[in-house]
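Residue numbering restarts at 1 for every chain, and letters A, B, ... go by the order of the sequence lines. What you see below is based on every heavy atom in this structure, not just the backbone, and it leaves out hydrogens, waters and symmetry mates.
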2 protein chains.
Amino acid sequence: MAVTIKELSAACGLSISTVSKALNDYPDVSAETRELVRATAAKLGYRPSAIARGLKIGRTFNLGVLYSDDSESGFTHNYFAPILEAFKSEAERRGYDITFITHHTDHNSMTYLQHCLYRNVDGVCIVNCHFADPEVTDLLSGPLPVVTIDHMFHNRSCVESENRQGMTQLTQYILSKGHTRIAYICGDENAVTNIRRTSFLRTMQEAGLHVPQQYLIASRYHHPAAAREATAQLLSLPERPTCIIMADDYAALGGLEAIRDAGLRVPQDISVAGYDGVAILQMCRPQLTTVRQDTQRIGQAAARKLVHLIEQPRTTFQEIISIPCSLLPGGTVGPVPDQPSSI
Amino acid sequence: MAVTIKELSAACGLSISTVSKALNDYPDVSAETRELVRATAAKLGYRPSAIARGLKIGRTFNLGVLYSDDSESGFTHNYFAPILEAFKSEAERRGYDITFITHHTDHNSMTYLQHCLYRNVDGVCIVNCHFADPEVTDLLSGPLPVVTIDHMFHNRSCVESENRQGMTQLTQYILSKGHTRIAYICGDENAVTNIRRTSFLRTMQEAGLHVPQQYLIASRYHHPAAAREATAQLLSLPERPTCIIMADDYAALGGLEAIRDAGLRVPQDISVAGYDGVAILQMCRPQLTTVRQDTQRIGQAAARKLVHLIEQPRTTFQEIISIPCSLLPGGTVGPVPDQPSSI
DNA sequence: AAGCGAGTCTAAAACGATTTCGATAAATCA
DNA sequence: TGATTTATCGAAATCGTTTTAGACTCGCTT
């Protein structure tokens with residue numbers, strides 16, 4: 001099918017070894033033969049087979065990406081998809097392809113680690129996983145270079161979005177608009193949620209404000225229906241909040257729906273904020289006030305770090321790379337409405 | 001690193017050949033040794049290396065995906081991302097991983113075909129490409145099994161979204177609302193655009209309606225700014241349309257913005273329709289009237305067809321698989337406004 | 001003239017699997 | 001009993017590379 005090194009060597013009238021060395025810049029090959037090999041290789045469109053090469057040198061220039069989310073949204077996930085895109089672009093720029101690591105749920109199922117070894121990936125990036133899953137911890141404590149995103153694991157490199165700073169900034173912005181009764185619909189229980197929740201609570205506390213228990217609702221990430229329900233719950237409180245922070249932008253759509261259902265206007269009657277900074281939603285009206293996570297830099301940094309860990313394992317140290325968030329002041333957080341909320 | 005067949009054979013006290021045969025269900029190995037091998041393989045977590053295996057048997061169980069769009073949106077593209085997701089899921093269910101085919105723009109750049117051969121993919125799915133690109137036609141006429149999406153190529157299998165039916169249905173729906181002055185902002189010139197445009201024009205013609213030349217604007221796909229400009233142009237016409245069909249949902253956001261800029265309301269003053277049926281936008285308000293393309297079925301059918309072409313090359317024939325679209329009647333197409341348009 | 005280093009090249013052994021073919025032992029047959 | 005089949009296993013070639021170790025030709029030194 002493809003032209004092999006054997007055919008190339010025959011075309012050059014040289015041995016296989018010489019051809020290989022000419023292509024790999026070995027010193028013990030004359031300049032003219034190197035040129036000859038280079039030229040005929042280009043003419044024949046020769047490329048060394050990645051699998052044969054990989055078998056020999058123990059490197060495949062393939063990066064594993066372990067990504068699985070509850071909502072099965074995959075590439076359509078509006079926070080992780082752009083991260084994956086940035087990761088992929090950066091990896092490709094450095095000569096790596098990517099392979100998605102899964103269970104291969106059907107006939108021959110394998111663990112994540114087995115899949116990585118099976119495909120001989122040089123390293124793996126773990127995104128949005130159940131980090132408590134024993135298969136994931138197996139992989140994390142396995143032999144491969146690993147970079148995680150938004151989750152720290154003992155002695156492993158991690159790229160994290162600065163959720164503490166982001167949530168603090170958002171809360172302060174809302175406070176600056178005069179709000180005091182701010183509710184927060186968190187996502188599921190996990191590391192990111194914890195950081196955001198404590199950051200929110202701390203900022204409120206520093207402002208001398210109390211957050212009643214009913215204002216803090218555990219919901220689900222990336223799940224508009226759940227947010228809708230939680231919002232409806234908040235709206236039915238005797239003293240309802242004047243602003244609600246949603247778990248994420250996508251969930252916020254559900255929240256907005258509940259508010260419409262209740263016949264209220266945003267932001268005149270109640271304010272709403274999201275989290276993520278989903279690009280497409282910034283083009284919609286009302287334009288969501290939210291916190292943009294820098295998915296481009298996150299994905300890029302992860303790929304870069306992983307490649308470093310692979311290519312310079314001695315000199316590269318494990319580290320936590322923090323990528324700052326930025327406030328996107330849209331139109332859904334307004335000043336506090338004059339009239340007190342209804343009973 | 002990973003346990004090899006050599007170590008496994010040592011652990012079993014058998015030769016490499018016997019172990020391999022035991023795992024591959026060869027008849028000339030006793031039931032008890034087969035069980036022994038199976039058991040120890042499971043205990044050691046042995047998996048044959050995909051690259052070693054691929055090198056020998058000439059199959060990698062890897063599918064190439066050639067995907068490149070002008071807007072560089074990658075995984076965040078809201079029509080192609082769900083197709084890729086469905087394709088990937090179906091491929092994985094059948095034991096295949098996927099590899100994205102690119103130029104590897106940096107140090108060592110190669111053609112698409114070279115990249116496919118370099119990675120030894122068993123087949124390739126081509127999505128959203130410049131099908132006129134010589135590199136793409138090279139690949140299309142190359143030795144590998146190929147499935148294309150939304151673009152027919154001589155003697156190759158293709159999965160296409162039924163744009164003719166979809167656009168006809170949309171136009172008829174708009175007509176049923178009483179509109180007669182309907183404008184269409186097309187995407188870039190390509191096969192899909194042609195089908196949609198002729199389908200639109202034919203439906204209008206069958207309804208006995210004339211479409212003035214100014215009502216047909218060539219714009220860009222997936223480009224809100226371009227749609228915004230085109231819409232502004234339409235709105236400034238002496239006799240402006242009462243309904244505008246946008247190239248796609250994403251572009252429609254730009255169109256809606258231009259309409260807001262002009263101080264008009266949707267759908268009271270003017271109606272708008274999109275195309276694609278982007279899921280997240282169906283949760284926003286106004287809810288876009290649009291045509292849903294069945295990305296799930298498209299991606300799944302493509303993967304299925306490709307795997308068939310690979311696994312049963314003799315009995316599988318080239319074919320065109322059409323996936324129907326469905327109308328999503330949102331809230332952006334209303335009845336024709338009473339008053340004649342301004343000026 | 002013999003020896004020595006460069007300078008070039010090639011033969012051959014890997015890498016981890018699959019597969020062909022032959023070897024051995026046991027079992028069957030004449 | 002000797003020959004032949006049958007069942008089970010292993011040796012070795014192979015896939016397309018890389019890489020080590022060695023071979024050969026020069027020209028130069030002594």
Side-chain angles (χ1 to χ4, degrees), chain A residues 1-38 40-41 44-62 95 108 110 114 116-122, chain B residues 1-38 40-41 44-62 95 108 110 114 116-122:
Chain A
M1 190 121 98
V3 38
T4 74
I5 198 174
K6 192 193 287 186
E7 309 173 55
L8 176 56
S9 68
C12 294
L14 290 166
S15 77
I16 293 181
S17 351
T18 306
V19 168
S20 173
K21 289 204 269 199
L23 293 173
N24 292 341
D25 281 322
Y26 273 61
D28 59 342
V29 48
S30 73
E32 47 237 283
T33 49
R34 191 189 340 272
E35 278 320 302
L36 168 67
V37 171
R38 284 259 156 77
T40 39
L44 300 185
Y46 169 79
R47 287 280 159 180
S49 158
I51 59 176
R53 186 161 203 268
L55 180 58
K56 184 61 184 140
I57 69 175
R59 291 267 309 278
T60 55
F61 292 91
N62 234 315
N108 58 342
M110 34 188 156
Q114 281 179 330
C116 285
L117 297 174
Y118 162 70
R119 283 293 178 192
N120 301 87
V121 298
D122 297 337
Chain B
M1 189 121 98
V3 37
T4 75
I5 198 173
K6 192 193 288 185
E7 309 174 55
L8 177 55
S9 69
C12 293
L14 291 166
S15 77
I16 292 180
S17 351
T18 307
V19 168
S20 173
K21 289 199 271 197
L23 293 173
N24 291 343
D25 280 322
Y26 272 62
D28 61 340
V29 48
S30 73
E32 47 237 285
T33 49
R34 190 189 340 271
E35 278 320 301
L36 168 68
V37 171
R38 285 259 157 77
T40 40
L44 300 186
Y46 168 79
R47 288 279 159 180
S49 159
I51 58 176
R53 186 162 203 269
L55 180 58
K56 183 61 184 137
I57 69 175
R59 291 268 307 279
T60 55
F61 291 92
N62 235 316
N108 59 341
M110 33 189 158
Q114 281 178 330
C116 285
L117 298 174
Y118 162 69
R119 283 292 179 192
N120 302 88
V121 298
D122 297 336

Of the options [options], whose atoms approach the side-chain atoms of [X] most closely?
| X | options | answer |
| --- | --- | --- |
| Ser20(B) | dT18(C), dC21(C), dC9(C) | dT18(C) |
| Leu14(A) | dT18(C), dT10(C), dT18(D) | dT10(C) |
| Ser49(A) | dA17(C), dC9(C), dG16(D) | dG16(D) |
| Arg53(B) | dT18(D), dC9(D), dA17(C) | dA17(C) |

Using a cut-off of strictly less than 4.0 Å, decide whether [X] has a side-chain nitrogen or oxygen near OP1 or OP2 of [N].
| X | N | answer |
| --- | --- | --- |
| Ser30(A) | dC9(C) | yes |
| Thr33(A) | dC9(C) | yes |
| Tyr26(B) | dG10(D) | no |

Nearest whole angstrom, please: distance from the [atom2] of [N] to the [atom1] of [X].
| X | N | atom1 | atom2 | answer |
| --- | --- | --- | --- | --- |
| Leu23(B) | dT19(C) | CG | C1' | 14 Å |
| Ile51(A) | dA17(C) | CD1 | P | 13 Å |
| Ile57(B) | dG16(D) | CD1 | P | 13 Å |
| Ile5(B) | dA17(C) | CD1 | C1' | 6 Å |
| Ile16(B) | dA14(C) | CD1 | P | 12 Å |
| Leu55(B) | dC15(C) | CG | C1' | 9 Å |
| Asn120(A) | dT17(D) | CG | C1' | 15 Å |
| Glu32(B) | dT8(D) | CD | P | 8 Å |

Nearest-0.5 Å distance that lies between atom CG in Leu36(A) and atom OG1 in Thr18(A): 11.0 Å
Closer to the 5' end of DNA chain D via nearest nucleotide, is it Pro27(B) or Lys56(B)?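 Mapping each residue to its closest nucleotide by heavy atoms, the 5'-most match is Pro27(B).
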Please tell me which of Ser17(B) and Thr18(A) maps to the more 5' nucleotide of DNA chain D, matching each residue to the nucleotide holding its nearest heavy atom. Ser17(B)
Measure the shortest side-chain to side-chain distance between Leu117(B) and Arg47(A) over non-hydrogen atoms and say whether it is less than 4.5 angstrom.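 Of all side-chain heavy-atom pairs linking Arg47(A) with Leu117(B), none is under 4.5 Å.
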pair Asn120(B)-Asn62(B): side-chain heavy atoms closer than 4.5 Å: no
Confirm from the modelled atom types if Lys21(B) and dT8(D) form a donor-acceptor pair under 3.5 Å, side chain to base only. no
Show, in sequence, the C-alpha distance, side-chain angles and deciding distance for Leu23(B) and Leu8(B), and conclude whether the side chain to side chain contact (heavy atoms under 4.5 Å, CB included) test is met. CA-CA 11 Å; Leu23(B) 293 173; Leu8(B) 177 55; 4.2 Å; yes
I'd like to know whether Arg34(B) forms a side chain to side chain contact (heavy atoms under 4.5 Å, CB included) with Asp25(B), so could you lay out the CA-CA distance, the side-chain angles of the two residues, the decisive distance to 0.1 Å, and finally the verdict. CA-CA 8 Å; Arg34(B) 190 189 340 271; Asp25(B) 280 322; 4.0 Å; yes
